[in-house]
Amino acid sequence: MNSPMIRLLMVGLLLTIAGCGSSNLPAGTTGTVRGTVTYNGKPVPEGSTVIFVREKDGLLASGVTDSSGDYRLRMRDGLKIVTGSYRVSVTPPVVEATLNQDEIMKLQQGGKLPVPAAVKEVPLKYRSPEGSKLVCDVKDGSNSFDIDMKD
């Protein structure tokens with residue numbers, strides 16, 4: 001249960017669960033967050049996930065990068081994010097949870113399964129909020145938070 005693939009699939013599952021339920025956000029002001037994620041100035045792989053964890057209470061927001069490295073955060077089923085200080089991490093693309101074990105094995109055998117540990121464009125230190133040391137203070141209104149990861 002300690003393999004990187006299983007941990008990343010669990011993160012995806014937790015984000016999915018966190019996104020379910022009522023669209024009501026906790027009380028307080030909200031803003032939107034968008035930005036670009038790069039590694040040494042180049043866009044990260046499409047499908048990388050940007051995760052914001054509010055320091056005050058662990059509230060989650062996440063976004064997925066496109067081919068340009070651009071992302072927009074979502075919290076539950078909308079683009080509004082509760083304001084506050086967030087710790088930030090970036091994880092590489094993972095296999096969709098809808099694939100069964102046989103499909104995953106076929107992709108892996110064909111060399112088409114991304115191995116998260118081998119995705120050099122997302123250095124290991126950025127894959128956890130504690131390791132990345134990135135913090136974003138989300139304010140009321142529109143916010144921009146670009147991330148340029150370095151080794």
Side-chain angles (χ1 to χ4, degrees), residues 1-97 99 104 108 112-151:
M1 276 301 250
N2 285 332
S3 81
M5 181 61 68
I6 291 173
R7 282 187 293 217
L8 288 172
L9 287 172
M10 293 302 291
V11 167
L13 178 62
L14 288 173
L15 289 173
T16 301
I17 292 169
C20 295
S22 169
S23 63
N24 296 329
L25 296 176
T29 57
T30 60
T32 59
V33 180
R34 66 181 339 153
T36 302
V37 184
T38 56
Y39 170 67
N40 292 327
K42 296 182 180 172
V44 295
E46 182 174 3
S48 296
T49 303
V50 180
I51 303 168
F52 277 44
V53 180
R54 194 161 74 159
E55 291 182 325
K56 174 181 172 182
D57 54 13
L59 193 61
L60 290 175
S62 66
V64 177
T65 62
D66 63 17
S67 61
S68 299
D70 296 333
Y71 72 94
R72 293 179 67 179
L73 282 186
R74 300 185 69 81
M75 184 172 280
R76 302 213 174 132
D77 63 355
L79 295 173
K80 296 285 187 180
I81 309 303
V82 178
T83 58
S85 183
Y86 287 81
R87 298 172 99 191
V88 181
S89 63
V90 179
T91 59
V94 295
V95 176
E96 289 188 35
L99 296 177
I104 291 171
Q108 187 173 20
K112 296 181 180 177
L113 180 68
V115 179
V119 179
K120 65 178 172 53
E121 296 89 355
V122 181
L124 289 175
K125 69 181 178 182
Y126 291 96
R127 298 182 189 191
S128 75
E130 297 80 20
S132 77
K133 307 281 191 244
L134 297 172
V135 176
C136 177
D137 291 318
V138 177
K139 309 277 189 224
D140 188 20
S142 181
N143 296 265
S144 179
F145 189 72
D146 294 334
I147 303 166
D148 186 25
M149 298 179 291
K150 307 280 187 204
D151 288 320

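On a predicted model such as this, the values are computed, not experimentally measured, just so you know. Keep in mind that the numbers below use all heavy atoms, side chains included, and drop hydrogens, waters and symmetry copies.
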Please check: side-chain N/O of [X] versus main-chain N/O of [Y], any donor-acceptor pairing under 3.5 Å?
X: Thr65; Y: Pro45; value: yes
X: Asn143; Y: Gly141; value: yes
X: Asp146; Y: Gly35; value: no

Does a sphere of radius 6.0 Å around NZ in Lys150 hold more than 12 heavy atoms from other residues, nucleotides or ligands, not counting ones at 6.0 Å or beyond?
-> yes
Testing the basics here: between [X] and [Y], what is the closest heavy-atom pair and its distance to 0.1 Å?
X: Ala61; Y: Ile81; answer: CB-CD1, 3.9 Å
X: Ser67; Y: Pro43; answer: O-CB, 3.8 Å
X: Ser48; Y: Val122; answer: OG-CG2, 4.1 Å
X: Tyr39; Y: Lys120; answer: CZ-O, 3.5 Å
X: Phe145; Y: Val135; answer: CE1-O, 3.6 Å

Is the shortest heavy-atom distance from the side chain of Tyr71 to the side chain of Thr49 under 4.5 Å?
-> no
Student check: side-chain heavy atoms of Thr30 and Met75 closer than 4.5 Å | no
Which salt bridge (charged side-chain N to carboxylate O under 4.0 Å, His left out) pairs, counting each pair once, include a residue from residues 27-40, with sequence neighbours left out?
-> none
[atom1]-[atom2] distance between [X] and [Y], expressed to the nearest 0.5 angstrom:
X: Arg87; Y: Glu130; atom1: CZ; atom2: CD; result: 5.0 Å
X: Lys139; Y: Ser85; atom1: NZ; atom2: OG; result: 8.5 Å
X: Glu46; Y: Ser68; atom1: CD; atom2: OG; result: 8.5 Å

Residue of the set Leu60, Val88, Val90 for which side-chain contact (heavy atoms from CB on, under 4.5 Å) holds with Ile51 = Leu60
Without hydrogens or angle criteria, can the side chains of Thr29 and Thr83 be said to hold a donor-acceptor pair below 3.5 Å?
-> yes
Tyr86: what forms a ring pair (Phe, Tyr, Trp, His ring centres under 6.0 Å) with it, not counting sequence neighbours?
->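 Residues passing ring pair (Phe, Tyr, Trp, His ring centres under 6.0 Å) with Tyr86: Phe52.
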